[in-house]
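Take a look at the structure set out below.
Index from 1, following the sequence.
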Amino acid sequence: MELRQLEYFMVICEELHFSRAAEKIMVSQPNLSQQIKLLESELGVPLFNRIGKRITITEAGNLLYEQSKHIFSHLKQAQESISELKQIKGGSLTIGILPGDADLMFNSLLLDFHSTYPNVSLSLVETMKVAEQVIEGMIDIGVTTSPNPDERIVQIPLFYEEFSLAVAKEAPLVKKRAIQLNDLQEMKTVMFPPDHQCRKLIELYCQELGFRMKPKIETTTLSSLITMVEKGIGVTVLPRLLLENLHNKNIQTIRITNPTPGQDICLIYRTDKYLGFAARTFIQAVREYIQTAKKNALTS
(Lines give C-alpha, C1' and ligand atoms only; values in the text may rest on other atoms or scores of the structure.)
Protein backbone atom coordinates (compact mmCIF):
# COMPACT_ATOMS: atom_id res chain seq x y z
CA MET A 1 0.00 0.00 0.00
CA GLU A 2 1.46 3.35 -1.06
CA LEU A 3 0.69 6.85 0.18
CA ARG A 4 -0.01 7.88 -3.39
CA GLN A 5 -2.73 5.23 -3.62
CA LEU A 6 -4.29 6.46 -0.38
CA GLU A 7 -4.21 10.03 -1.67
CA TYR A 8 -5.98 8.96 -4.85
CA PHE A 9 -8.47 6.92 -2.82
CA MET A 10 -9.35 9.87 -0.54
CA VAL A 11 -9.96 12.21 -3.46
CA ILE A 12 -12.35 9.70 -5.04
CA CYS A 13 -14.19 9.39 -1.71
CA GLU A 14 -14.62 13.16 -1.62
CA GLU A 15 -15.65 13.52 -5.25
CA LEU A 16 -17.54 10.20 -5.69
CA HIS A 17 -16.61 10.42 -9.35
CA PHE A 18 -13.52 8.99 -11.04
CA SER A 19 -13.32 11.60 -13.82
CA ARG A 20 -13.61 14.58 -11.45
CA ALA A 21 -11.12 12.99 -9.08
CA ALA A 22 -8.65 12.45 -11.93
CA GLU A 23 -9.00 16.08 -13.01
CA LYS A 24 -8.54 17.31 -9.44
CA ILE A 25 -5.25 15.49 -8.89
CA MET A 26 -4.19 15.88 -12.56
CA VAL A 27 -3.71 12.23 -13.50
CA SER A 28 -5.33 10.19 -16.25
CA GLN A 29 -8.51 8.34 -15.36
CA PRO A 30 -7.11 4.94 -16.49
CA ASN A 31 -4.09 5.42 -14.21
CA LEU A 32 -6.36 6.40 -11.31
CA SER A 33 -8.62 3.39 -11.85
CA GLN A 34 -5.60 1.08 -12.07
CA GLN A 35 -4.17 2.32 -8.75
CA ILE A 36 -7.51 1.78 -7.00
CA LYS A 37 -7.77 -1.74 -8.45
CA LEU A 38 -4.27 -2.51 -7.13
CA LEU A 39 -5.29 -1.19 -3.72
CA GLU A 40 -8.47 -3.28 -3.68
CA SER A 41 -6.51 -6.34 -4.80
CA GLU A 42 -4.02 -5.87 -1.97
CA LEU A 43 -6.76 -5.45 0.62
CA GLY A 44 -8.89 -8.23 -0.82
CA VAL A 45 -12.13 -6.20 -0.67
CA PRO A 46 -13.91 -3.70 -2.96
CA LEU A 47 -13.68 -0.10 -1.79
CA PHE A 48 -16.37 1.26 -4.11
CA ASN A 49 -19.68 0.05 -5.47
CA ARG A 50 -19.71 0.83 -9.20
CA ILE A 51 -23.20 1.37 -10.61
CA GLY A 52 -22.79 2.66 -14.16
CA LYS A 53 -21.09 6.05 -13.88
CA ARG A 54 -22.16 6.38 -10.25
CA ILE A 55 -20.08 5.10 -7.35
CA THR A 56 -20.68 4.73 -3.63
CA ILE A 57 -18.25 3.86 -0.84
CA THR A 58 -18.43 0.36 0.61
CA GLU A 59 -18.23 -0.34 4.35
CA ALA A 60 -14.58 -1.31 3.90
CA GLY A 61 -14.04 1.90 1.95
CA ASN A 62 -15.48 3.99 4.78
CA LEU A 63 -13.18 2.29 7.28
CA LEU A 64 -10.13 2.94 5.10
CA TYR A 65 -11.20 6.58 4.55
CA GLU A 66 -11.41 7.28 8.30
CA GLN A 67 -8.04 5.65 8.95
CA SER A 68 -6.47 7.47 6.00
CA LYS A 69 -7.51 10.81 7.47
CA HIS A 70 -5.64 9.91 10.66
CA ILE A 71 -2.58 8.82 8.67
CA PHE A 72 -2.35 12.10 6.77
CA SER A 73 -3.06 14.08 9.93
CA HIS A 74 -0.09 12.42 11.64
CA LEU A 75 2.08 13.03 8.59
CA LYS A 76 1.16 16.72 8.67
CA GLN A 77 2.06 16.89 12.35
CA ALA A 78 5.40 15.24 11.63
CA GLN A 79 6.09 17.79 8.91
CA GLU A 80 5.21 20.63 11.30
CA SER A 81 7.51 19.34 14.02
CA ILE A 82 10.38 18.88 11.55
CA SER A 83 9.71 22.37 10.20
CA GLU A 84 10.20 23.74 13.71
CA LEU A 85 13.70 22.28 13.74
CA LYS A 86 14.48 24.35 10.66
CA GLN A 87 12.89 27.61 11.77
CA ILE A 88 13.24 28.60 15.41
CA LYS A 89 10.07 29.90 17.04
CA GLY A 90 8.06 29.46 13.87
CA GLY A 91 5.12 27.44 12.61
CA SER A 92 1.51 28.07 11.67
CA LEU A 93 -1.74 27.88 13.58
CA THR A 94 -5.45 28.07 12.72
CA ILE A 95 -7.62 29.20 15.62
CA GLY A 96 -11.40 28.85 15.74
CA ILE A 97 -13.56 31.14 17.87
CA LEU A 98 -17.24 31.95 18.27
CA PRO A 99 -18.48 34.98 16.30
CA GLY A 100 -17.86 38.18 18.26
CA ASP A 101 -15.23 36.72 20.59
CA ALA A 102 -12.45 38.43 18.68
CA ASP A 103 -13.63 41.66 20.27
CA LEU A 104 -13.10 40.19 23.74
CA MET A 105 -9.58 38.90 23.43
CA PHE A 106 -8.20 38.17 20.02
CA ASN A 107 -7.80 41.59 18.46
CA SER A 108 -5.40 42.71 21.17
CA LEU A 109 -3.98 39.27 21.88
CA LEU A 110 -3.08 38.61 18.26
CA LEU A 111 -1.23 41.91 17.99
CA ASP A 112 0.79 41.17 21.12
CA PHE A 113 1.45 37.59 20.04
CA HIS A 114 2.56 38.60 16.55
CA SER A 115 4.84 41.25 18.00
CA THR A 116 6.53 38.66 20.23
CA TYR A 117 6.57 35.80 17.70
CA PRO A 118 6.64 37.36 14.20
CA ASN A 119 7.63 34.03 12.57
CA VAL A 120 4.40 32.32 13.63
CA SER A 121 1.65 32.48 10.99
CA LEU A 122 -1.82 32.80 12.55
CA SER A 123 -5.23 32.35 10.97
CA LEU A 124 -8.36 33.33 12.93
CA VAL A 125 -11.68 31.71 11.93
CA GLU A 126 -15.07 32.72 13.35
CA THR A 127 -17.50 29.80 13.39
CA MET A 128 -20.49 28.51 15.33
CA LYS A 129 -19.07 24.97 14.98
CA VAL A 130 -15.76 25.28 16.80
CA ALA A 131 -15.75 21.80 18.37
CA GLU A 132 -16.87 20.09 15.17
CA GLN A 133 -14.16 21.78 13.11
CA VAL A 134 -11.49 20.91 15.69
CA ILE A 135 -12.55 17.25 15.51
CA GLU A 136 -12.56 17.34 11.69
CA GLY A 137 -9.06 18.85 11.69
CA MET A 138 -10.16 22.04 9.95
CA ILE A 139 -8.81 24.18 12.79
CA ASP A 140 -5.95 23.47 15.20
CA ILE A 141 -7.22 25.11 18.39
CA GLY A 142 -10.66 26.30 19.39
CA VAL A 143 -11.84 28.73 22.06
CA THR A 144 -15.51 28.09 22.77
CA THR A 145 -18.17 27.18 25.31
CA SER A 146 -17.49 23.83 26.96
CA PRO A 147 -18.66 21.09 24.56
CA ASN A 148 -20.01 17.73 25.64
CA PRO A 149 -17.26 15.33 26.81
CA ASP A 150 -15.58 13.70 23.81
CA GLU A 151 -12.53 11.44 23.93
CA ARG A 152 -11.33 12.98 20.67
CA ILE A 153 -10.73 16.44 22.19
CA VAL A 154 -8.82 17.90 25.13
CA GLN A 155 -10.50 20.70 27.10
CA ILE A 156 -8.56 23.36 29.00
CA PRO A 157 -10.86 25.53 31.19
CA LEU A 158 -10.22 29.26 30.75
CA PHE A 159 -12.89 31.08 32.76
CA TYR A 160 -16.56 31.28 33.71
CA GLU A 161 -18.25 33.98 31.67
CA GLU A 162 -21.05 35.97 33.33
CA PHE A 163 -23.41 38.18 31.34
CA SER A 164 -24.46 41.74 32.23
CA LEU A 165 -26.77 44.43 30.91
CA ALA A 166 -25.28 47.22 28.79
CA VAL A 167 -27.12 50.57 28.85
CA ALA A 168 -26.41 54.09 27.62
CA LYS A 169 -24.62 56.30 30.15
CA GLU A 170 -27.50 58.79 30.12
CA ALA A 171 -30.27 56.18 30.51
CA PRO A 172 -32.37 56.21 33.72
CA LEU A 173 -31.33 52.59 34.33
CA VAL A 174 -27.76 53.62 35.18
CA LYS A 175 -28.92 54.49 38.70
CA LYS A 176 -29.54 50.79 39.34
CA ARG A 177 -26.73 48.57 40.57
CA ALA A 178 -28.52 45.43 39.40
CA ILE A 179 -31.66 44.22 37.65
CA GLN A 180 -33.43 40.88 37.69
CA LEU A 181 -33.38 38.81 34.53
CA ASN A 182 -37.18 38.91 34.49
CA ASP A 183 -37.01 42.71 34.03
CA LEU A 184 -35.84 42.20 30.43
CA GLN A 185 -39.46 41.56 29.46
CA GLU A 186 -40.23 45.26 29.94
CA MET A 187 -37.10 46.63 28.27
CA LYS A 188 -36.44 47.66 24.69
CA THR A 189 -33.55 45.43 23.64
CA VAL A 190 -31.11 45.12 20.74
CA MET A 191 -29.55 41.69 20.39
CA PHE A 192 -27.60 39.27 18.25
CA PRO A 193 -29.73 37.00 15.99
CA PRO A 194 -31.29 33.82 17.47
CA ASP A 195 -28.53 31.55 16.08
CA HIS A 196 -25.74 33.43 17.88
CA GLN A 197 -24.29 31.63 20.91
CA CYS A 198 -24.77 34.63 23.23
CA ARG A 199 -28.42 34.98 22.20
CA LYS A 200 -29.02 31.24 22.58
CA LEU A 201 -27.71 31.32 26.13
CA ILE A 202 -29.82 34.31 27.18
CA GLU A 203 -32.92 32.80 25.56
CA LEU A 204 -32.37 29.57 27.49
CA TYR A 205 -32.31 31.45 30.80
CA CYS A 206 -35.37 33.50 29.82
CA GLN A 207 -37.35 30.42 28.81
CA GLU A 208 -36.73 28.93 32.24
CA LEU A 209 -38.52 31.97 33.66
CA GLY A 210 -41.38 31.54 31.19
CA PHE A 211 -40.75 34.26 28.61
CA ARG A 212 -38.96 34.88 25.32
CA MET A 213 -36.97 37.93 24.29
CA LYS A 214 -38.45 40.18 21.61
CA PRO A 215 -35.63 42.49 20.47
CA LYS A 216 -36.55 45.65 18.58
CA ILE A 217 -33.42 45.27 16.45
CA GLU A 218 -31.14 42.30 15.72
CA THR A 219 -27.63 42.61 14.29
CA THR A 220 -24.76 40.21 13.65
CA THR A 221 -21.96 42.60 14.63
CA LEU A 222 -20.83 43.68 18.08
CA SER A 223 -19.88 47.17 16.89
CA SER A 224 -23.43 47.90 15.72
CA LEU A 225 -24.88 46.56 18.99
CA ILE A 226 -22.63 48.87 20.99
CA THR A 227 -23.47 51.85 18.77
CA MET A 228 -27.22 51.30 19.23
CA VAL A 229 -26.80 51.04 22.99
CA GLU A 230 -24.71 54.23 23.04
CA LYS A 231 -27.46 56.10 21.17
CA GLY A 232 -30.13 54.87 23.54
CA ILE A 233 -31.97 52.79 20.95
CA GLY A 234 -32.06 49.84 23.35
CA VAL A 235 -30.18 47.83 25.95
CA THR A 236 -28.32 44.59 25.31
CA VAL A 237 -26.93 41.60 27.22
CA LEU A 238 -23.29 40.67 26.68
CA PRO A 239 -20.41 39.01 28.56
CA ARG A 240 -19.41 41.21 31.51
CA LEU A 241 -15.70 40.71 30.84
CA LEU A 242 -16.20 41.89 27.27
CA LEU A 243 -18.14 44.99 28.30
CA GLU A 244 -15.67 46.03 30.98
CA ASN A 245 -12.66 45.55 28.73
CA LEU A 246 -14.19 47.70 26.00
CA HIS A 247 -13.58 50.72 28.30
CA ASN A 248 -16.45 52.55 26.61
CA LYS A 249 -17.28 55.69 28.61
CA ASN A 250 -20.68 55.99 26.96
CA ILE A 251 -21.94 52.64 28.28
CA GLN A 252 -22.78 51.52 31.80
CA THR A 253 -22.62 47.86 32.85
CA ILE A 254 -25.34 46.62 35.21
CA ARG A 255 -25.41 43.25 36.96
CA ILE A 256 -28.19 40.76 36.16
CA THR A 257 -29.49 38.64 39.04
CA ASN A 258 -32.07 35.94 39.79
CA PRO A 259 -30.45 34.29 37.87
CA THR A 260 -27.18 35.59 36.45
CA PRO A 261 -26.67 34.10 32.94
CA GLY A 262 -23.27 32.50 32.45
CA GLN A 263 -21.26 29.80 30.69
CA ASP A 264 -17.89 28.06 30.88
CA ILE A 265 -15.32 29.02 28.24
CA CYS A 266 -12.52 26.61 27.38
CA LEU A 267 -9.74 25.99 24.90
CA ILE A 268 -9.92 22.74 22.92
CA TYR A 269 -7.77 20.70 20.54
CA ARG A 270 -7.72 17.15 19.23
CA THR A 271 -6.42 14.52 21.63
CA ASP A 272 -4.06 13.18 18.95
CA LYS A 273 -2.94 16.66 17.89
CA TYR A 274 0.79 17.31 18.00
CA LEU A 275 1.27 20.61 19.86
CA GLY A 276 4.16 22.33 18.16
CA PHE A 277 5.86 25.54 19.23
CA ALA A 278 3.12 27.76 17.78
CA ALA A 279 0.30 25.86 19.53
CA ARG A 280 2.05 25.53 22.89
CA THR A 281 3.02 29.18 22.96
CA PHE A 282 -0.40 30.40 21.88
CA ILE A 283 -2.20 28.33 24.53
CA GLN A 284 0.02 29.85 27.21
CA ALA A 285 -0.55 33.34 25.80
CA VAL A 286 -4.35 32.88 25.89
CA ARG A 287 -4.31 31.74 29.52
CA GLU A 288 -2.11 34.66 30.59
CA TYR A 289 -4.23 37.13 28.63
CA ILE A 290 -7.45 35.91 30.25
CA GLN A 291 -5.96 36.23 33.73
CA THR A 292 -4.84 39.79 32.98
CA ALA A 293 -8.27 40.70 31.57
CA LYS A 294 -9.99 39.33 34.70
CA LYS A 295 -7.68 41.32 36.99
CA ASN A 296 -8.29 44.50 35.00
CA ALA A 297 -12.05 43.97 35.23
CA LEU A 298 -11.85 43.58 39.00
CA THR A 299 -9.79 46.73 39.49
CA SER A 300 -11.68 48.94 37.01
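- The closest side-chain donor-acceptor pair between Q180 and T257, if any, does not fall under 3.5 angstrom.
- E40 and R50 are joined by a salt bridge, as a carboxylate oxygen and a charged side-chain nitrogen come within less than 4.0 angstrom of each other.
- Inspection of the Q133 and T127 side chains reveals an N or O donor paired with an N or O acceptor under 3.5 Å.
- A side chain to side chain contact (heavy atoms under 4.5 Å, CB included) with I226 holds for exactly one of L242, N250, V190, I251; it is I251.
- Checked by atom type and distance alone, the side chain of T271 pairs as donor or acceptor with a backbone atom of I153 at under 3.5 Å.
- Annotation: F9 is in aromatic contact with F48 [ring centroid separation under 6.0 Å].
- No hydrogens or angles considered: nothing links the side chains of T58 and N49 as a donor-acceptor pair under 3.5 Å.
- Nearest heavy-atom pair, I254 versus L173, reported as atom, atom and distance to 0.1 Å: CD1-O, 3.2 Å.
- Rounding to the nearest 0.5 Å gives a distance of 5.0 Å between CZ of F18 and CD1 of I55.
- Under 3.5 Å, the side chains of S92 and S121 contain no donor-acceptor pair of N or O atoms.
- Note that NZ of K176 is 14.0 Å distant from CZ of R255, once rounded to the nearest 0.5 Å.
- Formation of a donor-acceptor pair under 3.5 Å by the S41 side chain with backbone atoms of K37 is not found in this model.
- Of the inter-residue distances, the one linking H196 atom NE2 with E203 atom CD reads 13.5 Å to the nearest 0.5 angstrom.
- Note: F113 and Y117 have tilted aromatic rings, judged against thresholds of 30 and 60 degrees for the angle between ring planes.
- In this structure, E244 CD and L238 CG are separated by 12.0 Å, a value rounded to the nearest 0.5 Å.
- Although no hydrogens or angles enter the test, the distance criterion places a donor-acceptor pair under 3.5 Å between the side chain of T116 and the main chain of D112.
- A salt bridge between E66 and K69 is present, with a side-chain N of the basic residue lying under 4.0 Å from a carboxylate O of the acidic one.
- Here the side chain of S224 pairs a donor or acceptor atom with the backbone of T221 at under 3.5 angstrom.
- Within a 6.0 Å radius of NE2 in H114, no more than 12 heavy atoms belonging to other residues, nucleotides or ligands are found.
- The two residues R270 and V134 make their nearest non-hydrogen contact at CG-O, 3.2 Å.
- Formation of a donor-acceptor pair under 3.5 Å by the Q155 side chain with backbone atoms of P147 is found in this model.
- Of the possible polar contacts, one joining the R20 side chain to the E15 backbone as a donor-acceptor pair under 3.5 Å is found.
- Salt-bridge annotation for K273 and D140: present, with a side-chain N of the basic residue lying under 4.0 Å from a carboxylate O of the acidic one.
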Check the pair Q5, I36 against side-chain contact (heavy atoms from CB on, under 4.5 Å), reporting the backbone distance first and the verdict last. CA-CA 7 Å; Q5 292 174 328; I36 297 303; over 6 Å; no

Go through the steps for Q263 and T145 under the test side chain to side chain donor-acceptor pair (under 3.5 Å), then give the verdict. CA-CA 7 Å; Q263 60 189 1; T145 55; 5.1 Å; no

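- Taking hydrophobic clusters as Ile, Leu, Val, Met, Phe, Trp and Tyr residues chained together by side-chain heavy-atom distances below 4.5 Å, M138 does not share a cluster with M128.
- Under a 3.5 Å cut-off, the side chain of R240 and the backbone N or O of E162 do not form any donor-acceptor pair.
- Here the CD1 atom belonging to I202 is positioned 13.5 Å from the CZ atom belonging to R212, to the nearest 0.5 angstrom.
- No side-chain donor-acceptor contact under 3.5 Å links E186 to the backbone of D183.
- Side chain of R280 to main chain of L275: a donor-acceptor pair is present (N/O by atom type, distance under 3.5 Å, no hydrogens or angles).
- For E170, the CD atom sits in a loose shell: 12 or fewer heavy atoms of surrounding residues, nucleotides or ligands are nearer than 6.0 Å.
- With values rounded to the nearest 0.5 angstrom, R199 atom CZ is found 9.0 Å from C206 atom SG.
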